[in-house]
Amino acid sequence: MLEMKVFRESPEKIFEDLKKRNLPKDIALSVIDLDNKWRKLIEEGNRLRAKRNTISKTIGELKKKGTDFSEVLKKMTNLKNDLVQNEKDTEEALNIRDSKRMLVPNLLESEVPIGKDENGNVELSKKGIINDNKKWLSHQDILEGINGADLKRASKITGRRFYFLTGDLARLELALINFAVEMLCEKGYSLTTPPFLMNREAYEGVVDLSDFEDVMYKIDEHDLYLIATSEHPITARFKNEIIELKEGPLKFAGISTNFRREVGAHGISDRGIWRVHQFSKVEQVILCKPEDSKKMHKEILDNATNIFEKLEIPYRVIDICTGDIGTVAARKFDIEAWMPSTNKWKEVVSASNCKSYQSVRLNMRYRTSEGTDFPHTLNSTAVATTRALAAILENNQTDNGDVIIPKVLRKWMGNQEIIKAK
RNA sequence: GCCGAGGUCGCUUAGCCCGGUAUAGCGCCGGCCUUGAAAGCCGGUGGGAAAUUUCCCUCGGGGGUUCAAAUCCCUCCCUCGGCGCCA
């Protein structure tokens with residue numbers, strides 16, 4: 001959510017942005033309107049409380065002297081009724097203001113390409129050799145061939161879009177995690193295993209409200225949600241705190257299993273393990289001063305591209321446009337891996353700079369020489385295992401359906417070089 | 001899960017029994033002093049609204065009693081110790 005400062009001091013910035021996103025400016029206008037209403041009520045309430053406090057003090061003094069104070073006490077009755085009403089109105093006004101405020105999306109970086117939908121996204125770079133003169137098997141066919149996953153029985157005991165990873169492929173998943181973790185730890189990221197469940201209040205600080213309907217699984221009797229990414233608990237970790245950034249940005253490598261409902265997601269290319277309800281992921285999370293966030297955004301994107309380069313998977317970097325970027329990010333880059341069976345680039349990484357949008361909602365600040373300010377939060381996939389595995393299976397397949405293990409992963413596979421088809 | 005002790009400003013802490021402006025130290029910021037620094041001394045160090053000086057809120061969260069609640073009562077959350085259960 002945006003700071004009230006922006007609504008009060010430079011609302012034109014918000015209007016311009018909403019225009020870029022093709023959204024009406026009514027929501028922002030209603031926030032400004034409700035804010036004025038709230039401020040009037042606060043002022044009124046303060047006046048009433050000031051009066052109450054003086055009367056109360058007088059009573060204390062009269063009582064001490066032993067003088068009768070029943071006259072003064074009478075004044076209090078009406079005052080208290082007014083105050084109760086005022087407090088109710090004030091709370092309601094603030095709630096409505098902030099529920100509207102949460103609907104106003106983040107301010108975009110000026111470089112974000114203008115576009116209606118994902119067709120407006122811009123390719124920034126491309127790496128790797130693409131060979132389309134051979135017959136490529138799909139990752140789901142290879143999975144079957146190498147006995148890498150058991151989707152059928154997973155659906156029997158849990159449901160659609162769940163899986164058992166088995167044998168060498170399960171081991172390859174751990175290798176991917178180890179590879180990404182080692183790389184990030186060497187760069188000073190602090191490895192963090194978060195809770196996999198979060199309560200509603202904390203969760204509201206880090207996601208778009210519609211995610212509660214479409215993305216998160218809820219544990220009903222406990223006010224808990226299964227996390228959709230370790231970014232959520234790691235960012236929310238410092239809710240209502242003043243963090244110390246004097247020694248530079250806080251860098252975390254989060255590792256977790258992630259749970260997603262994927263409501264409304266369909267498509268033939270989503271078969272296999274591409275789009276699933278549960279997957280492991282190593283995530284990068286940064287908390288930094290505003291002046292550092294652009295540099296850090298580049299760093300986490302570079303880390304992610306570095307991983308795919310070392311895995312020798314062809315990829316390209318996409319600059320997400322205004323129509324596709326969503327509510328929270330101010331700038332977002334995706335990395336798409338080449339999937340030869342379908343001749344398509346498909347998303348494997350998303351790297352976002354959320355600026356202060358999350359920290360405002362979380363009431364997380366850092367100390368400056370003048371006081372406190374809201375830090376910027378950034379997040380990026382390092383490696384989401386199921387998608388990276390699918391990309392490896394397709395790109396590293398041999399003519400008879402074996403899979404060559406990427407060189408950088410072999411040390412975690414007992415130096416095994418290949419996964420043989422059965 | 002049960003019993004006991006706790007939760008006070010960035011950190012530590014007094015105040016709670018017995019209701020009436022939240023105490024002190026550390027840290028941090030600024031100033032004096034200094035060639036520079038440390039020490040020392042002085043001032044400032046939670047949030048909001050209004051504008052130069054004031055008002056309001058803030059003692060884990062919520063509710064109640066009261067003219068008045070950090071303080072009394074209820075309730076929930078969390079931490080520590082003990083017991084129980086347990087990978």
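Residue numbering restarts at 1 for every chain, and letters A, B, ... go by the order of the sequence lines. A quick note: this is a predicted structure, and the numbers were derived from the prediction, not measured.
- Comparing the C1' positions of rU52(B) and rU66(B) gives an interatomic distance of 37 Å, to the nearest angstrom.
- When each of D35(A) and I55(A) is assigned the nucleotide of RNA chain B with its nearest heavy atom, D35(A) is the one assigned upstream, toward the 5' end.
- Rounded to a whole angstrom, the distance from the P atom of rG64(B) to that of rG48(B) is 27 Å.
- Taking for each of N53(A) and R39(A) the nucleotide of RNA chain B with the nearest heavy atom, the 5'-most of the two is the partner of R39(A).
- The closest donor-acceptor contact from the side chain of R161(A) to the backbone of R275(A) lies under 3.5 Å.
- On the C1' atoms, rG7(B) is 13 Å away from rU13(B), given to the nearest whole Å.
- Within 4.0 Å of I242(A), counting heavy atoms only, lie sugar-phosphate atoms of the nucleic acid but no base atom.
- Comparing atom distances between the R365(A) side chain and each of rC55(B), rG47(B), rA68(B) picks out rG47(B) as nearest.
- Side-chain atoms of R261(A) come within 3.5 Å of backbone atoms of E213(A) as a donor-acceptor pair (strictly under, hydrogens ignored).
- Nucleotide rA50(B) holds its P atom 10 Å from the NZ atom of K40(A), rounded to whole Å.
- Remark: rG27(B) base-pairs with rU45(B). Criterion, Watson-Crick or G-U wobble with two distances under 3.5 Å.
- Note on R47(A): nothing from the nucleic acid sits closer than 4.0 angstrom, heavy atoms only.
- When the P atom is compared between rC29(B) and rG61(B), the two are found 29 Å apart, to the nearest whole Å.
- Side-chain atoms of T372(A) stay outside donor-acceptor range of the base of rG46(B), with no qualifying N/O pair under 3.5 Å.
- Phosphate proximity of rC67(B) to R49(A): absent, as no side-chain N or O sits under 4.0 Å from OP1 or OP2.
- Within the 4.0 Å cut-off from OP1 or OP2 of rC57(B), at least one side-chain nitrogen or oxygen of R52(A) is found.
- When the C1' atom is used for both rC78(B) and rG62(B), the distance is 15 Å, rounded to whole Å.
- Atom name P, nucleotides rA14(B) and rU65(B): the rounded distance is 32 Å, in whole Å.
- For the P atoms, the distance from rG43(B) to rC80(B) is 40 Å, rounded to whole Å.
- Note: CD1 (I42(A)) to P (rA49(B)) measures 8 Å, nearest angstrom.
- At the heavy-atom level, K80(A) lies under 4.0 Å from the strands shown only through sugar-phosphate atoms.
- Spacing of P atoms, rC74(B) relative to rC18(B), comes out at 14 Å, to the nearest Å.
- A donor-acceptor contact shorter than 3.5 Å is absent between the side chain of D324(A) and the backbone of D117(A).
- Aromatic ring orientation, F162(A) versus Y217(A): tilted (interplanar angle from 30° to 60°).
- With T235(A) contributing its side chain and H232(A) its backbone, the two residues share no donor-acceptor pair below 3.5 Å.
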